[in-house]
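The next block holds one structure in the form of structure tokens; read it before the comments.
All chains are named by letter (A, B, ...) in the order of the sequence lines, taking the proteins before the strands, and each is independently numbered beginning at 1.
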Amino acid sequence: MIAKIIVDVPANQTDRLFDYGVPEKWEDLIEPGMRVVVPFGPRKVQGFVVDLVEETELEKVRNIQDMMDVDPVLTPELIELGFWLTDETLCFAVSAFQAMLPAAMKANYKKKIVVAETFDGKLAEEVSRWFEHRNEIPWEDIKDSQVLPIFKKEIKRGALESQVVVKEKTAPKTQAALILPYPKEELESRMEELNDRAVKQKEVLSLFYEINAPIAIPELIELADTTRGTIKSLVQKGLLKQIEQEIYRDPYKFKSFKPSKPLDLTEEQRKAVEPIMNSLDESYHNTFLLQGVTGSGKTEIYLQTIAHALNQGKEAIVLVPEISLTPQMVSRFKGRFGSDVAVMHSGLSKGEKYDEWRKIHRGEVKVVVGARSAVFAPFKNLGIIIIDEEHESSYKQEETPRYHARDVAIKRAKYHRCPVVLGSATPALESFARAQKQVYTLLQLKERVNKREMPDVEIVDMREELRSGNRSMFSKPLFDKLIDRLEKGEQSVLLLNRRGYSTFLICRDCGYVLDCPHCDISLTYHKINHMMKCHYCGYEQRAPKVCPNCTSEHIRFFGTGTQRVEEELAKILPDARVIRMDVDTTRRKGAHEKLLGQFGDGKADILLGTQMIAKGLDFEKVTLVGVLAADAMLHLPDFRASERTFQLLTQVSGRAGRHELHGEVVIQTYTPEHYSIQYASHHDFDSFYVKEMQARKLHGYPPFYYITLINISHEEITKVLSVTEKITNFLKANLSENSIVLGPVASAIPRIKDRYRYQCMIKYKVEPDLNRLLKEILKRFSKELTKDNLQITIDRNPHMLM
DNA sequence: AGCACGCCGACT
DNA sequence: GTCGGCGTGCTC
């Protein structure tokens, strides 16, 4: 039998199937989707079995050396999906397969040196010393040492040989547990063997009448109120047996979830649920776009449709954006479905993610709630896929494979003939356009549950504030309202969009801005250690006291960071208790959750933060939301800037007045007339959609045109330019005349980590041959890619144009 | 990607 | 004459 295998070598020349023989002893055990260890040239690598056949065209093949799985880790569906991903995103097949599995399962190669079995001579003096107390030497121990040449020589003459061990990154966690090494019926007679004085031992043993499964040692000690000594002697007498039991690292072990029952649906909700239920009952694929204003009860719809799928014996995937995976969302799912739920998000450790994955793999859970990569959950009988906040940019992976979770979800749902529900208050323009064209089915919720009113929104023109002499970052209206909430004991949320607004250093005399020496971007000031830092390459230097250019002392920090807002808040509202949430304060594991918990418990009056506070949170006493600089992201070089601004403002406004108390929103801006800001303040998605569609049509952007972005980078600017030019010319010559090829043009950040970056953008409507052409480009430059350190990245449907 | 093979310059 | 530099090409 021959296995078709994708080897774990992410390179152009190895990105194809290799044939290996299956040893006879494994013929009945091996299945497609398993990981194996195969000899590859002079080394050993991990491989994925993707097919089993009888014949090979090759003269001779080498054999699979080892199996790494007992059960396939990829189902036939996922294998097919992997190849689809490879094709869609132009990545290596291994990269696609690896993206579908938890990082902990990535192979870990350990190289070591041993004395060759066939060798019975004498080792060189310097080398034999290394083998005095052991029979293998880890490669790391000698690879940088002086003796390396001698080792190499010994390998050459056959005295030593190098071996590679392929292991998993993280092994399942085990714990010591106890079982009876004989049938329960023998308990009584066995107990008689014990000395009459061994009262406690008998007592412990008698507990095993009730215990049916292996029990962990600490648990037994607790249960029997005894000590380790008692148990140890029982084990020594052979009356109990100690085994190693696999356990899960459960990140939610110590949390209890309030069980919840299905809520009564409003008329609107019922109308939205019905077609989804139909799709489930009749088992056909359909994509629903569930557009519901903030607070309209989308989550309850998710819960009830999932419950329906579970009743049919099917499984469900729920995707949530990375940052909004608030404890609140997890609680609601765990509360409704209990231990049937696995959770997968970036806050978990590698080991925890691995364990959650194994629960899915073994069929121990029916629902997974997770970020982007949870879309690959190895379920075999999917009933429904839900994508909450479907417009969120975190669903697009920005590294290879550059997939969008929405596309993967739809692909999987077609296979399983099940519905996909895309939920959002502010759908992505592309999604809404598809709903308009009836590609998706539009379901709308226009009212908040219990008919709560949308908050009142006030737009404050910061230019006016400046003219009237207010130079602070808080306008008069916002300041007054903050004081009002403080007096009433209500809470406020302040949003600062830091992107494009970080603190940089500028000289007021000569205008000099301190830039990173390796990237074309200004350095950001970090107050904690008084350092200037580059956010792209990590370069750091001390903040200068005088201008490096003109030695002027009038050098100052410009821009607004959360730290500075916090300082100013402390000045103008000294009594307010503030919680700051940004990358700095939430870096630690669980910090995100903890800070939100504190705010929810009323331990602060104001929550100040970046984008991460904009979504998902739902606190009763929040009645004021302030947006400090609504236009911060409006002028970024990105055709989605208006859309992102509209979405963010709408989302954050939705945080106010979700319960008994009425909410208010203050939006501070320098461009109050901009349609994103105007329509967001009126909660008017439809008008925004019409206006933005006009702009997209005019400029030839999605959803009217598809976009593919090719990024080229190299240390030498001339090289980048010439390669980009060749690529653009090639495309211009081969694409249809309705398509537009833009470039070569320098990227928005023309240099990162001492590499120059150019790009080429393709806009097209129909271009069935594009993938082939792109592959041809990669092939043509493949030599320079490896040899000359040239980089070409291709992003079909990019979300970041930088 | 690794790793071996192979062909040229600077040393004992 | 040999050691080691890295350019070239292959891995079932």
List the atom pairs, donor and acceptor, that lie under 3.5 Å between side-chain atoms in residues 59-66 of chain A and the rest of the protein, sequence neighbours left out.
from   : atom 1 : to     : atom 2 : distance (Å)
R62(A) : NH1    : G41(A) : O      : 3.0

Return the value, rounded to whole Å, for the distance between atom [atom1] of [X] and atom [atom2] of [N].
X	N	atom1	atom2	value
N63(A)	dT11(C)	CG	P	17 Å
I5(A)	dT11(C)	CD1	P	16 Å
D15(A)	dT11(C)	CG	P	16 Å
R62(A)	dC10(C)	CZ	P	16 Å

| request: Inspect the contact between K4(A) and D19(A) and indicate whether a charged nitrogen and a carboxylate oxygen are less than 4.0 angstrom apart. | output: yes
| said: Any salt bridge linking R129(A) with E132(A)? Criterion: basic side-chain nitrogen under 4.0 Å from a carboxylate oxygen. | reply: no
* **Main-chain N/O of M105(A) paired with K350(A) side-chain donor or acceptor, under 3.5 Å** => no
Would you list the protein and nucleotides 1-5 of chain B atom pairs, both N or O, that sit under 3.5 Å from each other?
from   : atom 1 : to     : atom 2 : distance (Å)
dA1(B) : N3     : R43(A) : NH2    : 2.9
dG2(B) : O4'    : R43(A) : NH1    : 3.4

Are F97(A) and F83(A) near enough that their ring centres are under 6.0 Å apart? yes
With sequence neighbours left out, the residues meeting salt bridge (Lys or Arg N to Asp or Glu O under 4.0 Å) with R796(A) are none
